[in-house]
Asker: 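The structure under discussion is supplied below as structure tokens; questions concerning it will follow.
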Amino acid sequence: MNETIYWLMRLNYDKKNKRGDMMKVWEKNIRKVVPYTPGEQPEGKDIIKLNTNENPYPPSPKVLEAKANLAKLRLYPDATAKNLVSVLAEYHGLKENQIFVGVGSDDVLAMCFLTFFNSEKPIVFPDITYSFYDVWAELFNIPYVTKALNDSFELVAKDYYGENGGVIFPNPNAPTGLIADLDFIKDVLEHNQDVIVIVDEAYIDFGGESAVSLLKEYENLIVVRTFSKSRSMAGIRIGYAMGNAELIQYLNDVKYSYNSYTMNYPSLVLGVESVKDETYFKDTVSKVVATREWFEEELTRLGFTYPKSSSNFVFATHKTVPAKEIFEAARKEKIYVRYFDKPRIDNYLRITIGTDEEMKKFVAFLEKTLGYNS
Ligand SMILES: *Cc1c(COP(=O)(O)O)cnc(C)c1O
């Protein structure tokens, strides 16, 4: 290789990787990505874990009691996930060919990026949002632009007008917890009839109106859900997309070109049991919502402000004490919340709603740290 080119490449590589070792020739053919950073999963006793938006309550007793016949692990699972697809279709009043299931909504969303975002025009999403979107865009070489939320952290509909390669946003948004109403979503759909619009409803069960009702009207809409938050099953990895049959078929074609057996057998059995237990599901969701409402009032009392949450977390900033300080002090007390060292949100904490007991302990910690008397 030409010396100059070699040294230029090495210089670039060093900059990108912050490493000084000699670049191997094969490096130039490797796909290099800056991965998504998941929240910490600390282990040990007496930890209060409010950092990854898991549900503090266990999955439905029907899930816990279900008997997956593990001898069946000998066989490949049902590649069509028929039973799970069928209960989900019934649950949402859709046809079976309108449901696509995957290994958590992260898998489903990645499949959607791969399948639907193939334009040379950039896809559009908010500047403050789920931090996996730009990672997938980079991974799949999809051009993208971000649009700034307004000062109240709301999405602005007209930012999503105009030519683009597709639109995606979570509703409620993460990490803000703010919900956009159906009029907003309709507005975005009306102005984007030639591309696919994806609404990531990871938190919709905790508040706000779902865009599922718009599927009848808009054939370019995809709505994505997960079992990880409202269904207390982050560990099993189930997510799904809903849309018109044609789009779902395209998703399946991509899936079968990549990995036919995404859903393992136990998750297919346990996922069905969860969907069947509507009473338990509603009970746990309303418990989380009640705790959130109490906790928001406590935050106000303690000098925090926050956008009104429609999710299972609150995104809060204190009037005087920096978020990073509170984050670090909490960590010392084995209380884990999420802190993002990113522009515009580096003075906010994202606090997952735990049990009443956990939230009371967190409030007591805040009172002590901020010097309040209860
Ligand atoms: C948690 C989350 C997901 C991913 O959830 P899975 O566990 O992969 O189903 C997707 N989108 C948003 C906005 C989330 O917060």
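Bear in mind that the values here come from a model prediction, so they are computed numbers and not experimental data. Hydrogens, waters and symmetry mates play no part in the numbers below; they use all other heavy atoms, side chains included. Whatever order the structure lists them in is the order used to number ligands and atoms, beginning at 1.
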Asker: Parallel, tilted or perpendicular: which describes the rings of Phe184 and Phe169, with under 30° parallel and over 60° perpendicular?
Answerer: perpendicular
Asker: Please tell me if the side chains of Arg237 and Asp107 come closer than 4.5 Å, counting only heavy atoms from C-beta onward.
Answerer: no
Asker: Give the residue and atom name of whichever protein heavy atom lies nearest to atom 8 (O) of ligand 1, and the separation in Å to one decimal.
Answerer: Arg237 NH2, 2.7 Å
Asker: Could Lys287 and Tyr57 be counted as a cation-pi pair, given that NZ or CZ must be under 6.0 Å from the ring centre and within 45° of the axis?
Answerer: yes
Asker: Would you indicate which of Ala234, Ala174, Ser131, Ser228 comes nearest to atom 7 (O) of ligand 1 when only heavy atoms are counted?
Answerer: Ser228
Asker: Mark up the atoms of ligand 1 that fall under 4.0 Å of a heavy atom belonging to Gly104, in ascending order.
Answerer: 8 (O), 9 (O)
Asker: May I ask you to decide if the ring planes of Tyr76 and Tyr261 are parallel, tilted or perpendicular, using 30° and 60° as cut-offs?
Answerer: parallel
Asker: So for Asn53, does at least one of its heavy atoms come nearer than 4.0 angstrom to any atom of ligand 1?
Answerer: no
Asker: Which residue and non-hydrogen atom of the protein lie closest to atom 5 (O) of ligand 1, and at what distance in Å?
Answerer: Ser105 OG, 3.1 Å
Asker: Between Tyr306 and Thr300, is any side-chain donor less than 3.5 angstrom from a side-chain acceptor?
Answerer: yes
Asker: Are side-chain heavy atoms of Thr352 and Asn51 found at a separation under 4.5 Å?
Answerer: no
Asker: How far is atom 1 (C) of ligand 1 from its nearest protein heavy atom, and which residue and atom name does that atom have?
Answerer: Lys229 NZ, 1.2 Å
Asker: Students should be able to answer this: which protein heavy-atom is nearest to atom 11 (N) of ligand 1, and at what distance?
Answerer: Asp200 OD2, 2.7 Å
Asker: Is there a heavy atom in Tyr203 that sits closer than 4.0 Å to ligand 1?
Answerer: yes
